[in-house]
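Below is one structure, written out as structure tokens; comments come after it.
FYI, side chains are in, hydrogens and waters are out, and symmetry mates aren't considered; it's all heavy atoms of this structure.
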Amino acid sequence: MRRTVFNEDHEAFRETIRDFIEAEVVPVYDEWFAAGQAPRDFYYKLGELGIFGINVPEEFGGAGLDSHKFEAVLYEETARAGVQFGGSGVHVLLALPYIKMLATDEQKKRYLPKFATGEEMWAIAMTEPGTGSDLAGMKTTAKPSADGTHYVLNGAKTFITGGVHADKVIVCARTAAPTAEDRRHGISLFAVDTRSEGYSVGRKLDKLGLRTSDTAELAFVDVQVPVEDLLGEENKGFSYLGHNLASERWGIAFGAYAQAKAAVRFAKQYVQERTVFGKPVAHFQNTKFELAACQAEVDAAEAVADRATEALDAGELTPAEAASAKLFCTEVAHRVIDRCLQLHGGYGYMNEYPIARLYADNRVNRIYGGTSEIMKTIIAKDMGL
């Protein structure tokens, strides 16, 4: 089917990214996989390429674009090559919207130039041990100092993607107790410098998939956060978090679709090359039927992902639409990748084949950014149920 979501600029960007991946990522990706993270200097290369600055305003060193379509191209090209750009996705997809939405002009002058170059990598710390999707139950606190110059941060976070290499972390913390009427009251957001005394990175978590993205536990013991690094207004953090969930869920949806599309590509190539009983695996009717069914599902997911992309760029993607796109695309990817791995036989279970890594990477899509069950709840509520 002919797509209309991308123009010539996006396709030129695609060629640049494809060449970059082939030259800078593919030759060393096995080393990253074994190490469990991309090297820190790789992010400087992404900064030099301009990837981090696409949506950064021009006055702060970026391209000043207001579109997620270049991110969409990145999802497709990394999936196509069977690689990832470490934990850098959080830097752009999650952290940047909060900076653009909440930071003062003074804060943007301090944050964004180094953000665009990769000199300062950002992460966001919401989840805590024992809270999961229940952000209102967070225990991390940020109490004002006696002289009013800073907040004192105490607590712990877990599952923080980009947490090992991060230079700045947007930390969600309680600045006031919840009320009987509203458990979500009292949460604030802070831009925390990871070099601060009392800030520490705990375990780099050993994940099933997404092996090259550094995911860590963080701890804060009497960390002093200057009042100048409060993002937005005090106690309104929960509403800010909800504001950006649509774009986060779009990213997961589009990434899942891209993974499903890549899985079909990997399987098609494999069955054409692999022979059994003297014939290519692609010769057998079951193979043709399986891949045809997978392609049909990918076509549907592409249409959903593209529609969500257009709505997001137009500022019209609703929480329910984002939840629907995430639910559909992640469930499609789950089915398609599983079937494509099956077509690889035993080799599909070996990490040297991209389909195996893709299988593991894809599993988290139905968990983070809100589980599939949470997505169904949001959709049902929108239906009036």
Side-chain angles (χ1 to χ4, degrees), residues 17-49 51-52 74-94 118 121-123 127 157-167 169 194 200-218 252 255-256 258-260 262-263 265-267 269-270 273-274 333-334 337-338 340-342 344-368:
I17 293 301
R18 190 171 294 183
D19 290 345
F20 175 81
I21 289 173
E22 203 58 39
E24 300 289 345
V25 182
V26 172
V28 294
Y29 195 71
D30 286 345
E31 297 174 20
W32 297 4
F33 189 84
Q37 62 186 29
R40 178 62 179 86
D41 61 4
F42 173 67
Y43 298 139
Y44 291 111
K45 294 180 180 179
L46 294 180
E48 291 173 3
L49 196 61
I51 288 176
F52 295 151
L74 282 172
Y75 283 125
E76 290 187 334
E77 289 307 308
T78 51
R80 179 184 182 276
V83 303
Q84 297 168 347
F85 283 176
S88 64
V90 168
H91 182 68
V92 174
L93 182 64
L94 299 189
M121 294 299 297
W122 287 65
T127 306
K157 300 288 182 179
T158 192
F159 304 147
I160 310 307
T161 302
V164 174
H165 285 319
D167 302 289
V169 178
T194 63
S200 63
V201 178
R203 292 186 302 151
K204 181 172 74 65
L205 299 174
D206 185 16
K207 306 187 300 297
L208 169 67
L210 302 178
R211 301 286 298 182
T212 64
S213 70
D214 50 308
T215 302
E217 296 173 329
L218 306 179
I252 297 169
Q259 289 177 326
R265 176 176 178 267
F266 296 144
Q269 181 179 7
Y270 179 82
E273 296 173 352
R274 172 73 168 161
H334 162 64
I337 294 170
D338 184 73
C340 288
L341 186 149
Q342 187 74 13
H344 282 70
Y347 289 104
Y349 206 64
M350 302 295 112
N351 273 327
E352 65 184 278
Y353 283 80
I355 192 68
R357 299 180 184 184
L358 198 57
Y359 183 86
D361 292 348
N362 170 74
R363 185 57 185 88
V364 76
N365 288 333
R366 291 180 288 149
I367 298 174
Y368 67 0

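A distance-only check finds no donor-acceptor pair linking the side chain of Tyr75 to the backbone of Ile252 [under 3.5 Å]. Of the possible donor and acceptor atoms, none in the side chain of Thr215 sits under 3.5 Å from a partner among the backbone N and O of Leu205. Of the possible donor and acceptor atoms, none in the side chain of Arg80 sits under 3.5 Å from a partner among the backbone N and O of Ala262. A donor-acceptor pair under 3.5 Å links the side-chain atoms of Thr194 to the main chain of Asp167, judged by distance alone. No donor-acceptor distance shorter than 3.5 angstrom exists from the side chain of Lys45 to the backbone of Phe20, with no hydrogens or angles considered.
Paired with His91 under the rule ring pair (Phe, Tyr, Trp, His ring centres under 6.0 Å), one option of Phe85, Tyr43, Phe52 passes, and it is Phe52.
When every heavy atom of Leu341 is checked against every heavy atom of Gly348, the shortest pair comes out as CD1-O, 3.3 Å.
Ion pair Arg363/Asp338 not flagged as a salt bridge, since none of the NZ, NE, NH1 or NH2 atoms sits closer than 4.0 Å to an Asp/Glu carboxylate oxygen.
Under a cut-off of 6.0 angstrom, the local environment of CZ in Phe159 is sparse, with at most 12 non-hydrogen atoms contributed by other residues, nucleotides or ligands.
At least one side-chain heavy atom of Arg211 sits under 4.5 Å from a side-chain heavy atom of Asp206. The shortest side-chain heavy-atom distance between Thr212 and Val83 does not fall under the 4.5 Å cut-off. Within the 4.5 Å cutoff, no side-chain heavy atoms of Phe266 are placed close to those of Tyr353. Residues Met121 and Arg40 meet the side-chain proximity criterion, which asks for heavy atoms closer than 4.5 Å. Side chains of Leu210 and Tyr368 form a contact here, defined as non-hydrogen atoms less than 4.5 Å apart.
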Exercise. Kindly determine whether Tyr349 and His344 satisfy side-chain contact (heavy atoms from CB on, under 4.5 Å), including the steps that lead there.
Key: CA-CA 8 Å; Tyr349 206 64; His344 282 70; over 6 Å; no
Exercise. Evaluate the side-chain contact (heavy atoms from CB on, under 4.5 Å) criterion for residues Leu218 and Val201: first the C-alpha distance (whole Å), next the side-chain angles of each, then the deciding distance (0.1 Å), finally the verdict.
Key: CA-CA 5 Å; Leu218 306 179; Val201 178; 4.0 Å; yes
Practice problem: Might you work through the side-chain contact (heavy atoms from CB on, under 4.5 Å) test for Asn365 and Gln259, ending with a clear yes or no? | Solution: CA-CA 11 Å; Asn365 288 333; Gln259 289 177 326; 2.8 Å; yes
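In this structure, Arg274 is not positioned above the aromatic face of Tyr347 in the sense of NZ or CZ being under 6.0 Å from the six-membered ring centre and within 45° of the axis.
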